Amino acid sequence: MTGQRAAAPATPYARIGGDAGVRALVERFYDLMDVDPAYAHVRATHGASLDSAREKLHHFLSGWLGGPPLYVEKHGYPRLRARHLPFAIGVVERDEWLACMECALADTGVPDDLAQALMPAFFQTADWMRNRAP
Ligand code: HEM
């Protein structure tokens with residue numbers, strides 16, 4: 001050995017393609033949600049425009065995936081559960097959100113092993129957001 005250190009493992013943010021990759025993922029996610037009836041319930045929790053949701057999810061995922069913490073810089077601690085309380089989120093909305101994200105990950109070419117590692121983490125976050133039974 002010549003004193004070189006092993007390279008740090010790439011973050012999910014880097015593997016997704018940095019800011020442009022996160023942006024593409026979020027755009028695809030909300031484009032799908034907007035047009036595919038399979039996501040009608042989760043779409044209905046949003047207002048007419050998805051612009052603010054697109055921007056905020058992009059900023060949030062940047063930090064969540066190991067990149068720059070844009071959401072925290074702009075809005076402070078996410079308090080995601082509290083911020084979702086105005087929207088009725090049950091199992092149907094949770095599962096549609098997750099299915100839409102799974103599709104967006106595939107459509108934007110996120111490597112399979114990374115998508116499979118991210119989905120349980122998305123599940124935990126989405127499940128935590130449920131605020132009505134069932
Ligand atoms: C479980 C089903 C979910 C539903 C139905 C849902 C719905 C919504 C809605 C309606 C908004 C408001 C959008 C706007 O500003 O117009 C929102 C905001 C947001 N959502 Fe979700 N969401 C879900 C899950 C998630 C998950 C899993 C994440 C993160 C991985 C997430 C991250 C965010 C963020 C960061 C915001 C912006 C919060 C703010 O600053 O007000 N959401 N969501």
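One is the number of the first residue; the rest follow in order along the sequence. For the numbers below, each heavy atom of this structure counts, side chains included, while hydrogens, waters and symmetry mates do not. For ligands, and for the atoms within them, numbers begin at 1 and follow the listed sequence. These figures come from a predicted structure and were not determined experimentally.
Atoms CE and CG, from Met101 and Leu61 in turn, are 5.5 Å apart once rounded to the nearest 0.5 Å. Between the CG atom in Leu32 and the CD atom in Glu96 there is a gap of 12.5 Å [rounded to 0.5 Å].
Using a non-hydrogen distance threshold of 4.0 Å, His75 does not register as a contact of ligand 1.
Scanning all protein heavy atoms for the shortest distance to atom 13 (C) of ligand 1 gives Ala53 CB, 3.7 Å. Given atom 10 (C) of ligand 1, the protein heavy atom at minimum distance is Thr45 O, 3.4 Å. Nearest protein heavy-atom neighbour of atom 15 (O) of ligand 1: Ser52 OG, 2.6 Å. The protein heavy atom nearest to atom 32 (C) of ligand 1 is Leu57 CD1, 3.7 Å.
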Item to check | Residue pair Arg28, Asp31: steps toward the salt bridge (charged side-chain N to carboxylate O under 4.0 Å, His left out) verdict | outcome: CA-CA 5 Å; Arg28 183 63 184 152; Asp31 285 351; 5.4 Å; no
Checklist entry - Phe123 and Arg94: side chain to side chain contact (heavy atoms under 4.5 Å, CB included), yes or no, with the steps? => result CA-CA 8 Å; Phe123 177 87; Arg94 176 199 71 188; 3.7 Å; yes
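Proximity of a side-chain donor or acceptor of Arg23 to a complementary backbone N or O of His58 within less than 3.5 Å is not detected. Without hydrogens or angle criteria, Thr125 side chain to Ala121 main chain gives a donor-acceptor distance under 3.5 Å.
Atom 20 (N) of ligand 1 has its nearest heavy-atom neighbour, among Arg81, Lys56, Gln124, His84, in His84. Among Tyr71, Tyr39, Phe60, Phe123, the residue whose heavy atom lies nearest to atom 30 (C) of ligand 1 is Phe60. Selection from Arg43, His46, His59 by nearest heavy atom to atom 9 (C) of ligand 1 gives His46. The closest heavy-atom contact to atom 2 (C) of ligand 1, among the options Trp97, Tyr30, Phe87, Phe122, comes from Trp97. The heavy atom nearest to atom 4 (C) of ligand 1, out of those in Ile89, Leu65, Asp51, Leu98, is found in Ile89.
Of the heavy atoms in Leu80, only side-chain atoms (C-beta onward) come closer than 4.0 Å to ligand 1. In Val42, the part holding a heavy atom less than 4.0 Å from any atom of ligand 1 is the side chain. When heavy-atom distances to ligand 1 are checked against a 4.0 Å cut-off, Trp64 has no atom that comes that close, whether in backbone or side chain.
In this structure, Asn131 and His84 approach most closely via the heavy-atom pair ND2-O, 3.2 Å. Taking all atoms of both residues into account, the shortest heavy-atom contact from Val22 to Ser62 is CG1-N, 4.2 Å.
Of the polar atoms of Ser49, none of the N or O atoms is found under 3.5 Å from an N or O of ligand 1, judged by distance alone. For the pair Arg94 and ligand 1, the shortest N or O to N or O distance does not fall below 3.5 Å.
A perpendicular orientation is assigned to the rings of Tyr30 and His46, their planes being inclined by more than 60° (bins at 30° and 60°).
Ring centroids of Trp64 and Tyr71 are separated by 6.0 Å or more, keeping the two rings apart.
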